[in-house]
Trainee: 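Supplied in C-alpha cells, the structure appears directly below.
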There are 2 protein chains.
Amino acid sequence: MARSMHVRRPATLASLAAELGVSRTTVSNAYNRPDQLSPELRRRVLETARRLGYPGPDPVARSLRTRKAGAVGLLLTENLSYAFRDPAAIGFLEGLALACEDAGQGLLLVPANPEREDVAAVHRAGVDGFVVYSVPDDDPHLAAVLERPVPTVVCDQPDLDNVDRVGIDDQAAMHSLAQHLIALGHRRVGVVCMRLARDRNDGFVTRERRESAHFHVQRSRLAGLAQAFAAVGVDWSAVPVVERFDHTIASGASAAAQVLDSDPQITALICTSDILALGAMGEAERRGLRVPHDLTVTGFDGIREAEQAGLTTVRQPVLEKGRAAGKLLLDSAERSRPRSVTLATELVHGSTAAPPRGTAEERWFGP
Amino acid sequence: MARSMHVRRPATLASLAAELGVSRTTVSNAYNRPDQLSPELRRRVLETARRLGYPGPDPVARSLRTRKAGAVGLLLTENLSYAFRDPAAIGFLEGLALACEDAGQGLLLVPANPEREDVAAVHRAGVDGFVVYSVPDDDPHLAAVLERPVPTVVCDQPDLDNVDRVGIDDQAAMHSLAQHLIALGHRRVGVVCMRLARDRNDGFVTRERRESAHFHVQRSRLAGLAQAFAAVGVDWSAVPVVERFDHTIASGASAAAQVLDSDPQITALICTSDILALGAMGEAERRGLRVPHDLTVTGFDGIREAEQAGLTTVRQPVLEKGRAAGKLLLDSAERSRPRSVTLATELVHGSTAAPPRGTAEERWFGP
DNA sequence: ATGAAAGCGCTAACAA
DNA sequence: TTGTTAGCGCTTTCAT
C-alpha cells in the first residue's frame, strides 16, 4: 500500500518544508548536512518526511544542481549483453567496477547498439565521465562521447588528442609471439582475426582492409605479425588472414577451417584472441590434426579457459586495464594533460606451439 | 584542443538560443522534434551548436524535466565487482542487460557495499526503477530502494507486498534433489551453504540461524533439504551444516573439510551452490575420497563449470531470471498489482551422486 | 513555424 | 542555527 502511494509523485522538499514551516534549506540540510541543524529539528524533519512519504531529495534534481551524477558511463562496442559472455570483457568490467566502488561511483552500462547509428543513449547518459572500451575508431557513439563535456578514458583504442588512454602494446606483444613461432621454425602460417571494422566481413582479409582496420587492437596485432614475419622474408601478402565478425568459439572454428582449406600446408595458425584459438583447436581436432604436433595454434588474451587448454598465448592484465581506466577517470588530480597507461603483457609458453613437422628442430625437440 | 574547451561548462541551450536570436524552444526542438521547425533553421541551429561547442541538451536537466532517467538500477548484495566473478550472477546480468538494451535503457550498477550501512548510493542513483538481486531481506539498501518512488523488481528474494518478483522455487528444487539422494540410499549427510545473514559466520549453523536466515534463497534451499530428510526419519538437527561467508571454491573446500571432520561417516555432501560443490569435490579428492564412489557431492545452479565437472545439481535459468526481471520492470503495462514470475528448474543427473558405499544399492549398481 | 511563461526539485552563497 | 535568493539547464503547454 505504501508503495502504491509513492508511485505517483509524492512530497517534495519544498512541500515538506511548507508542512514543517521551515525553509527548504533546512530540509535539505537535514539530509545533506546533519551538523548544520539541531538534532531535534532534524529528527522532526525526518519524521515528518516519513509520515508524508517523502523519499528524500530527488537524485536527478540534486545532480542538476551539484553537477555531479555519481556515476561513470561505459561504452562498449557490442551489445551490452555481449560483455557478459566474453571473458576478457568480464575481466575488464570487474576491474572497472572495482575502481568505481572504491570511489563510491555507480557504473552505467550505456546501451549503444553498434548496429544502429542511434547515439541517443550516449546523449541521455547522466554520468560524470565515460570509459570507452574497444570500439571501432570510427564509431559514432565514440564521437558522441567525445562531444560530451565530461572527462573520458579510452581503453584498447588508438591515442586520441587530449583523451586519457589505457592499453597494452598489442603490436609488440604480437610481434614477440610471432618471433617465438619464427624461432620454432614456422614460416608458412595462417591467421584468424576478430572483426576489423563495423561491417561484417566473414572471410579473407585484403591488405587494404587489414592495414586500415578500425579496431585498434586488431590492427596492431596484425601489424605486429606482419612486421615479424616480413623481417624473416615471409611474403605477408600471401598469408591467409581470415576475419570473423562474431567473437565466438564457433567462429574461430569456421575461420580456422577456411584458412586450412585455403592452404593445408600451413604449420601454424595464429589467432588474435583466445576464444578464436579455442575454436581453431576444435577444428584441428576435428580434422585429425594433433596440436602442436601437426599444427601449432596460438591465441591472445590469456583467459582462464585458454590456460586450462594449455594454449600458447599472450597474457594481458584485463582486470588491471579496467581498474586503471576507472582510476584515471576518477582521479581528478592532474587532469591537465592527457595521460597514457600502457600495461605489461606476458608471453605464455603453453603446449600448443612446437616446431613444424619434419624440421630440424623437431628432430632435436622430438615430435 | 576542442576537448579542453569543453571541459569547463560550455554553451547551454539558452546561450545558443541567444546567439542565434531564437527562442530556447526552437533550439530544443532542433534536437528533440526535428519536424517542428524548418530544415533550414534546424541546420543553422546545429551548425552554430557545433561552432560554439554546445554538446546538446544536458541529460540531467532533461531527466529532471521529463522525469525519465533512461536507466535501470541494479542492486546486488555483494561488492559490485563480485558480480563479475560469480557465473550465476554474470548470467543474471547478461539477461538483465539484454532486457535493458531491448528497451534502450541503461543499466546502472549501484555501488552498494554490503559492509557499510551507507545507502547514499541508492539515494543518488538517477534511475527509473530498480532490480534487486539476492540481497539479505534486512539489507538497508533494499529498504532504501523500496522507499524510492520508482518501480522495483526483486529477484531471489522473498515476496514483498506490492513489489514485482522473479525467482524459482528454491525449496521445491532442493527438495527434489534431496529426494533423489534419499532414493539412492543416503541418510547420513552433511551440508555446505552460502552465507545466511549479513554477519560472517564461517562455521556450523544452528537451527535457529538456519531457519531465520536472511537470504531467502539459502533459507529455502535448506528448508527443502530439512523437509525431505525429516520425512524419511532423519534427525535433521544432528546433520552438520557448515556456512561460509565468501562464495568461492576455496570456501567450498574448507567447509567440506569441516563437515567431513565433524562426521567422517557421511555419505553425501550437499552444497547449496555449484561453486561450493566444486570446492567440496576438490577437498574430497585431496582426502583420497572418490566421488561418487566414496562420497556423493551435489551442487545447485547449473553453471557451466559444474556441467563440465559432471556435477549432480539443479539447473536454474539464470539468464532468464535476469531477462524476466528486466522485462517486468520495463513493461509499464499492467503495473496495477504486483506480479510474480517463478521459473522452472531442472534436476541434473550428473556423475557425482551414487548410492552410498556398502549399501544394497551398491551391490546392484556396482561401485 | 516560432516564442513566452512556467516550472521540474534541488543546493549553495550569503544574510540574518 | 535558520532563512532568502538565485539559479542548475531543460521541456512543455499555450499563444501567436
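Throughout, protein chains are lettered first and strands after them, A, B, ... in sequence-line order, and every chain is numbered starting at 1.
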Trainee: Run the salt-bridge test on A:Glu40 and A:Arg44 with the 4.0 Å N-O cut-off and return the result as yes or no.
Mentor: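 No, A:Glu40 and A:Arg44 are not salt-bridged.
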Trainee: Using the side-chain heavy atoms of B:Leu37, tell me which of these nucleotides is nearest: C:dT11, D:dT2, C:dT2.
Mentor: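 Closest of the options to the side chain of B:Leu37: C:dT2.
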Trainee: Quick test of your reading of the model: are B:Arg148 and A:Asp58 salt-bridged, counting only N-O distances below 4.0 Å?
Mentor: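 No.
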Trainee: Run the side-chain hydrogen bond (donor to acceptor under 3.5 Å, both in side chains) test on A:Glu101 and B:Ser81 for me, step by step, so that the C-alpha distance in whole Å, both residues' side-chain angles and the decisive distance to 0.1 Å come before the verdict.
Mentor: CA-CA 8 Å; A:Glu101 67 193 356; B:Ser81 58; 3.1 Å; yes
Trainee: If you define the side chain from C-beta out and look only at heavy atoms, does anything of A:His216 sit under 4.5 Å from A:Asp156?
Mentor: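 When only atoms from C-beta onward are counted, A:Asp156 and A:His216 do not touch, as no gap falls below 4.5 Å.
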Trainee: Counting only side-chain heavy atoms from C-beta out, which of D:dT4, D:dA6, C:dC8 sits nearest to A:Arg65?
Mentor: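 Between D:dT4, D:dA6, C:dC8, the one nearest the side chain of A:Arg65 would be D:dA6.
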Trainee: By the 4.0 Å heavy-atom rule, please label B:Leu64 as base, sugar-phosphate, or nothing.
Mentor: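 Base, at least one base atom sits under 4.0 Å.
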Trainee: Using the side-chain hydrogen bond (donor to acceptor under 3.5 Å, both in side chains) rule, take A:Thr26 and A:Arg42 through it: C-alpha gap first, then chi angles, then the decisive distance, then the call.
Mentor: CA-CA 8 Å; A:Thr26 301; A:Arg42 180 169 134 91; over 6 Å; no
Trainee: For the pair made of CZ in B:Arg62 and C1' in D:dC8, what is the distance, rounded to whole Å?
Mentor: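 The distance from CZ of B:Arg62 to C1' of D:dC8 comes to 16 Å, rounded to the nearest Å.
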Trainee: Check the distance between C:dG9's C1' and A:Arg24's CZ and give it to me in whole angstrom.
Mentor: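 In whole Å, C:dG9 C1' lies 9 Å from A:Arg24 CZ.
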Trainee: Compute the angle between the rotation axes at the two ends of the helix from C:dA1-D:dT16 to C:dA16-D:dT1, each taken over five pairs, rounded to 10 degrees.
Mentor: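 The angle, to the nearest 10 degrees, is 20°.
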Trainee: Indicate whether OP1 or OP2 belonging to D:dC10 is found under 4.0 Å from a side-chain N or O atom of B:Tyr54.
Mentor: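 Yes, within the criterion.
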Trainee: Round to a whole Å and report the spacing from OH of B:Tyr31 to P of D:dG9.
Mentor: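 After rounding, the gap between these two atoms is 15 Å.
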Trainee: Taking the side chain of A:Ser23 as its heavy atoms from C-beta onward, which of C:dT11, D:dG3, C:dG9 lies nearest to it?
Mentor: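 For A:Ser23, the side-chain atoms sit closest to D:dG3.
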Trainee: Given C:dT11, C:dG9, C:dT2, which nucleotide is nearest the side-chain atoms of B:Ser38?
Mentor: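 When the side chain of B:Ser38 is considered, C:dT2 is the closest of C:dT11, C:dG9, C:dT2.
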Trainee: Considering every strand and a 4.0 Å limit on heavy-atom distances, what is the contact class for A:Val60: base, sugar-phosphate, or nothing?
Mentor: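 Touches nothing.
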Trainee: Looking at A:Gln157 and A:Ser134, would you say the former's side chain and the latter's main chain have a donor-acceptor pair under 3.5 Å?
Mentor: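 Checked: pair present.
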Trainee: Taking OP1 and OP2 of D:dT11, is either one under 4.0 Å from a side-chain nitrogen or oxygen of B:Ser28?
Mentor: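 Affirmative; the distance criterion is met.
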Trainee: Rounded to whole Å, how long is the line connecting atom CG of B:Leu16 with atom C1' of D:dG9?
Mentor: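 Checked: the CG to C1' distance equals 12 Å.
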Trainee: Which is true for A:Arg42 with a 4.0 Å heavy-atom rule: it touches a base, it touches only sugar-phosphate, or it touches nothing?
Mentor: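 Answer is nothing: A:Arg42 stays at 4.0 Å or more from every strand.
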Trainee: Looking at the side chain of A:Arg33, which of C:dA12, C:dG9, D:dT12 is the nearest nucleotide?
Mentor: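 Closest nucleotide to the A:Arg33 side chain: C:dA12.
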Trainee: How far does CG of A:Leu329 sit from CG of A:Asp164, to the nearest 0.5 angstrom?
Mentor: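 Reported value, rounded in 0.5 Å steps: 8.0 Å.
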Trainee: Less than 3.5 Å between a donor and an acceptor, one on the side chain of B:Thr25 and one on the base of D:dT11, is that the case here?
Mentor: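 By the distance-only test, no, there is no pair.
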Trainee: Between P on D:dC10 and CZ on A:Arg124, what's the gap in Å once rounded to a whole number?
Mentor: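 So the CZ-P distance, A:Arg124 to D:dC10, works out to 15 Å.
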Trainee: Starting from C1' on C:dT2, measure out to CG on B:Asp35 and report it in whole angstrom.
Mentor: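 In whole Å, C:dT2 C1' lies 14 Å from B:Asp35 CG.
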Trainee: Is B:Arg323 paired with B:Asp102 through a side-chain N to carboxylate O contact shorter than 4.0 Å?
Mentor: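 No salt bridge links B:Asp102 with B:Arg323.
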Trainee: Determine whether any donor atom in the side chain of B:Thr26 lies under 3.5 Å from an acceptor atom in the base of C:dA1, or the reverse, and answer yes or no.
Mentor: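 In this structure, the two groups form no donor-acceptor pair.
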Trainee: Quick one: B:His123 NE2 to C:dC10 P, roughly how many Å, whole number?
Mentor: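 Computing the B:His123:NE2 to C:dC10:P distance gives 12 Å.
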Trainee: Atom CG of B:Leu13 and atom P of C:dA4: how far apart are they, to the nearest Å?
Mentor: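 Between P of C:dA4 and CG of B:Leu13: 14 Å.
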Trainee: Heavy atoms from C-beta onward define the side chain here; which of D:dT12, D:dG9, C:dT2 lies closest to that of B:Gln36?
Mentor: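 Nearest listed nucleotide: C:dT2.
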Trainee: Identify whether any heavy atom of B:Asn29 sits under 4.0 Å from a base atom; if not, whether one sits that close to sugar-phosphate; answer base, sugar-phosphate or nothing.
Mentor: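 Counting heavy atoms under 4.0 Å across all strands, no contact is made by B:Asn29.
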Trainee: Which nucleotide wins on minimum distance to the side chain of B:Arg67, given the candidates D:dT12, C:dG9, D:dG9?
Mentor: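 Nearest listed nucleotide: C:dG9.
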